[in-house]
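Reminder, nothing fancy here: chain letters follow the sequence lines and each chain counts from 1.
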There are 2 protein chains.
Amino acid sequence: MTTAEENYLKAIYHLSEDGKKSVSTNDVAREMKTKPASVSDMLRKLGEKEMIEYRKYYGVHITEEGKRMALQTVRKHRLWEVFLVDKLNFAWDEVHEVAEELEHIQSPLLIQRLDAYLNYPKFDPHGDPIPDEFGDVKAKPRVALNEMEIDQMGQIVAVKDSSAAFLKYLDKVGAYIGARIKVLDKVEFDGSIEILVDQKKNLFMSKEVAVNILILQS
Amino acid sequence: MTTAEENYLKAIYHLSEDGKKSVSTNDVAREMKTKPASVSDMLRKLGEKEMIEYRKYYGVHITEEGKRMALQTVRKHRLWEVFLVDKLNFAWDEVHEVAEELEHIQSPLLIQRLDAYLNYPKFDPHGDPIPDEFGDVKAKPRVALNEMEIDQMGQIVAVKDSSAAFLKYLDKVGAYIGARIKVLDKVEFDGSIEILVDQKKNLFMSKEVAVNILILQS
DNA sequence: ATTATTTATTAGTCAAGGCTAATTTTTTAT
DNA sequence: ATAAAAAATTAGCCTTGACTAATAAATAAT
Ligand SMILES: [Mn+2]
Ligand SMILES: [Mn+2]
Ligand SMILES: [Mn+2]
Ligand SMILES: [Mn+2]
């Protein structure tokens, strides 16, 4: 598998995650920041390698083998992110781009040793679960903050958007993975929401932000 | 700079290290395990970028800028090797291939942090000096073991060949970086040599091996 | 049920980095 | 000084992964 193939497959995997039955060419193009024409080409190739089921004009489904490969790349990506934050003191908004490169280093031994060195972490700095070497992920039931009701409580366990802009914003307002929250108010007009963080800090945010914060309800 | 350009430039740098005034197309092809035709193409390209001075049919000289770039890659390669050995418990014969990939990760912050994390190491696992961030290398005067005379003494400080085959052989016979040695005998016919290691172990080796062991004389 | 619009694919081009075969230049040997 | 050998370059081709423009298929709108 080439770096490009790994990146495409990972994108397709992520796009199919949210229960979508089939992923469209345009979806992939958007995610990969390439043109649909380039995607068509790559889909044909990944189809031939049986990483995806590809029916022209009808989008793709990832195969079991494709999922296995994608999860391997996801595993590497997230382990490297943990390394960068835990060992090299990167901020959580600085790791994504570098991990995007590191995930393509080819060395099973490296990943096995890295995993051990990091003490077999189960989650990356953004709260996303790290697949084990067999591709098994232990997923907790998470709900987007904007979907919670007034008075419901829970804990921030992950973010959906790993962009520096978003993460820096969270840092600024004091939202972080592990924080306990309670929904104080929701504005129906625009979906904005007010929450209490760690029983002491009031935080008001737009729906756009809330959508990208994932909660483990309690 | 692409990965390929970095690899070529590093090869040219290494080939010019041994005081060679100019590096030939065939030299580079051998080092890079590519065909001379491919090399000609790349030399033209590196020439245009002024990383090398390229006079057709007369080989190349590396420029100051080229040397700077190459040393940057060498620095990254060796820092990663230290990481793999010191932190991930790789053997010194297992690191080269992986470092060959890792050295191309583009992130100045990563290298700066890695350097700090490793405590600013000065030498890699093969005894080669690690250039600092400005490309400065502190070179110690080293001599190949086969060039030493009977009764001369010193310390193994580096190996010239980093292949797994060679390093595993050294492991097996008990030669290692830091070992104190004394030349006991030299056979003129084939250049083979017998040494005493750490004042207790006799070691007989062919010239081929001795050429690849570098000594700091004392 | 047609037509219009959106979505996707194909055709053709490009740059990077390889290769082989043919050619040219330099070097070595007679 | 010339011929032979070696070294290097060029020409032409291939694959990967992009792109634009042209076309085709599927979907939405009348
Ligand atoms: Mn990537
Ligand atoms: Mn992440
Ligand atoms: Mn390399
Ligand atoms: Mn080394």
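Between the side chains of A:N7 and A:H104, at least one donor-acceptor pair of N or O atoms lies under 3.5 Å.
Dense packing is recorded around CD of A:Q112, with more than 12 heavy atoms of other residues, nucleotides or ligands lying under 6.0 Å away. Other residues, nucleotides and ligands place more than 12 heavy atoms under 6.0 Å from the CD atom of B:Q152. The neighbour count for A:Q217 CD, taken as heavy atoms of other residues, nucleotides or ligands under 6.0 Å away, is above 12. B:E48 CD: more than 12 foreign heavy atoms inside a 6.0 Å radius.
Without hydrogens or angle criteria, A:H126 side chain to A:K160 main chain gives no donor-acceptor distance under 3.5 Å.
Atoms CG (B:L43) and C1' (C:dG18) sit 15 Å apart, rounded to a whole Å. If you take CD1 of B:I52 and P of D:dA8, they are 13 Å apart, rounded to a whole angstrom. In this entry the distance linking NZ of A:K56 with P of D:dA24 reads 13 Å, nearest Å. Whole-Å rounding puts the A:R55 CZ to D:dA24 P distance at 20 Å. Look at CD on A:E6: it is 15 Å from C1' on D:dG17, rounded to the nearest Å. Rounding to whole angstrom units, CZ of residue A:R44 and P of D:dG17 are separated by 11 Å. One can place OH of A:Y58 at 19 Å from P of C:dT6, the figure rounded to the nearest angstrom. Protein atom CG of B:D41 is 9 Å distant from nucleotide atom P of D:dT10, rounded to whole Å.
In the region residues 24-39 of chain A, proximity to DNA chain C at under 4.0 angstrom, judged on heavy atoms, holds for A:S24, A:T25, A:N26, A:P36, A:A37.
With D:dA26, D:dT16, C:dG17 as the choices, the nucleotide that has an atom nearest any side-chain atom of A:Y57 turns out to be D:dA26. When distances run from any side-chain atom of A:E5 to the nucleotides D:dA8, D:dG17, D:dA26, the shortest one goes to D:dG17.
Note: B:F83 and B:Y117 have tilted aromatic rings, judged against thresholds of 30 and 60 degrees for the angle between ring planes.
The phosphate of C:dG17 has OP1 or OP2 within less than 4.0 Å of a side-chain N or O from B:T2. Contact annotation: B:Y8 side-chain N/O to C:dG18 OP1/OP2 distance is under 4.0 Å.
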